[in-house]
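Read through the structure below, which is laid out as structure tokens, and then see the notes.
Any value given below was found using the heavy atoms of this structure, including those in side chains, with hydrogens, waters and symmetry copies removed. All ligand and atom numbering here is 1-based and tracks the order in the structure.
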Amino acid sequence: MKFNIAVIPGDGIGPEVIAETIRVLDYATKGTDVELNYTSYLAGGCAIDEVGKPLPEETVVGTKASDAVLLGAVGGEKWDTLGSDMRPENALLGLRGALGLFANLRPAVLFPQLSEACPLKPELVKDGLDILVLRELTGGIYFGEKDRDETSGYDTLKYSDYEIKRIAHVAFKAAMKRDKKVTSVDKANVLESSRVWRKYVEEVALDYPEVTLNHMYVDNAAMQLVRYPEQFDVIVTGNMFGDILSDEAAMITGSIGMLPSASLGDTTLGMYEPVHGSAPDIAGQELANPLATIMSAAMMLKYSLGQDDLANKIEKAVDKALTDGARTKDIALPGELTLTTTQMTDAVIANMEK
Ligand code: IPM
Ligand code: MG
């Protein structure tokens with residue numbers, strides 16, 4: 001089976017973690033009937049530098065025509081002073097919108113091998129941590145009407161029935177394969193859009209009688225994540241609350257360098273990227289942790305390409321490498337021997353079953 005993968009290396013450490021991930025994918029697929037064809041596209045700061053805009057039309061057309069999109073990271077200080085149309089982040093938002101990727105899956109998993117990297121007290125995570133943050137990605141305040149003048153500015157937070165129902169279905173379906181618990185996070189004590197959110201999440205819940213649903217205000221959810229994280233299974237929430245809570249959930253697992261993400265829509269086309277950013281300060285120094293991107297590629301194999309066996313093979317290899325003590329600097333304890341980006345990838349490949 002042949003698949004066309006649109007690759008967007010992007011900025012900062014993006015190109016290096018993508019190159020390492022492609023090495024893993026090539027090794028995993030070698031000798032199988034799966035053939036991955038990669039085409040690179042520009043997006044983000046590098047696109048501004050090369051063609052004068054963050055999201056070239058060619059990238060939109062190419063990604064739309066692909067089977068899946070694998071993205072490194074975009075952005076960096078260098079482009080931070082440009083006007084709002086020229087921000088590298090627009091590439092991400094534009095791709096999410098253009099490809100209709102309304103569901104963003106951000107699993108926050110604490111690997112037992114890294115439990116000491118967790119900043120919470122050990123007794124709070126004694127049973128490990130496995131939370132799926134599901135963020136609505138193409139609506140809400142990110143995409144609402146907005147404007148500014150000299151002295152004021154506004155953004156609009158609006159959610160409609162169909163947007164809420166489709167993300168709620170993703171949440172309940174995911175929960176059915178996990179611990180059958182959905183926490184819907186909103187600010188329904190203040191916001192009208194949240195009251196509508198609640199109404200339709202409850203309506204969808206009726207289709208999934210086995211799943212327990214509870215509602216939580218976002219401020220409380222932020223607190224509960226550090227007070228008693230084991231209470232969560234699937235967290236479903238809107239675009240901005242999800243942006244914030246997914247960073248918090250990422251941190252309590254110890255390293256944002258470990259976390260993958262998938263952005264999905266109505267079809268199998270998805271975009272896969274590490275949760276971490278472009279980290280320009282460590283770019284090109286062999287310091288980046290490639291595991292978040294490698295595990296994003298595993299999600300790609302699973303969700304877009306239907307290759308669960310290959311995905312499991314990669315996830316197992318990552319797990320074994322960690323058990324062997326493979327650590328990049330971000331996940332190492334003080335004094336522990338650390339691997340470079342390339343060496344970490346080698347450790348994953350060495351642990352992969354053929
Ligand atoms: C994320 C990022 C983006 C977002 C930025 C870079 C636009 O923070 O993917 O979480 O806010 O969605
Ligand atoms: Mg974010």
Using a cut-off of 6.0 Å, state whether more than 12 heavy atoms not belonging to K158 lie near its atom NZ. no
Can you tell which of L110, T253, I252 makes a side-chain contact (heavy atoms from CB on, under 4.5 Å) with P229? I252
Greater than 12 external heavy atoms within 6.0 Å of K2's NZ: no
In sequence, state the C-alpha distance, the side-chain angles, and the governing distance for R106 and L259, and then conclude on side chain to side chain contact (heavy atoms under 4.5 Å, CB included). CA-CA 8 Å; R106 297 190 168 182; L259 299 180; over 6 Å; no
Tell me whether H276 reaches ligand 1 (any heavy atom closer than 4.0 angstrom to a ligand atom). no
Side chain, backbone, both or neither: the part of R135 lying under 4.0 Å from ligand 1 by heavy atom: side chain
Atom 1 (C) of ligand 1: which protein heavy atom is closest, and how many Å away? R106 NH2, 3.3 Å
D49-W79 side chain donor-acceptor pair, cut-off 3.5 Å: yes
among protein heavy atoms, the one nearest atom 11 (O) of ligand 1 is Y142 OH, 2.5 Å
Do R166's NZ or CZ and the ring of F102 fall within the cation-pi criteria of under 6.0 Å and 45°? yes
Applying the side-chain contact (heavy atoms from CB on, under 4.5 Å) test to P54, which of L42, D85, I48, T59 qualifies? I48
So for atom CD, which belongs to E210, do other residues, nucleotides or ligands contribute more than 12 heavy atoms lying within a distance under 6.0 Å? no
Heavy atoms only: which of M240, E89, E273 is nearest to atom 6 (C) of ligand 1? E89
Could you see which bit of R96 sits under 4.0 Å from ligand 1, with heavy atoms only: side chain, backbone, both or neither? side chain
For a distance under 2.8 Å, give residue and atom name for each protein N, O or S atom next to the Mg ion (ligand 2). D243 OD1
State whether a side-chain donor-acceptor pair under 3.5 Å links E163 with Y200. no
What is the closest protein heavy atom to atom 2 (C) of ligand 1, and at what distance does it sit? D243 OD1, 4.0 Å
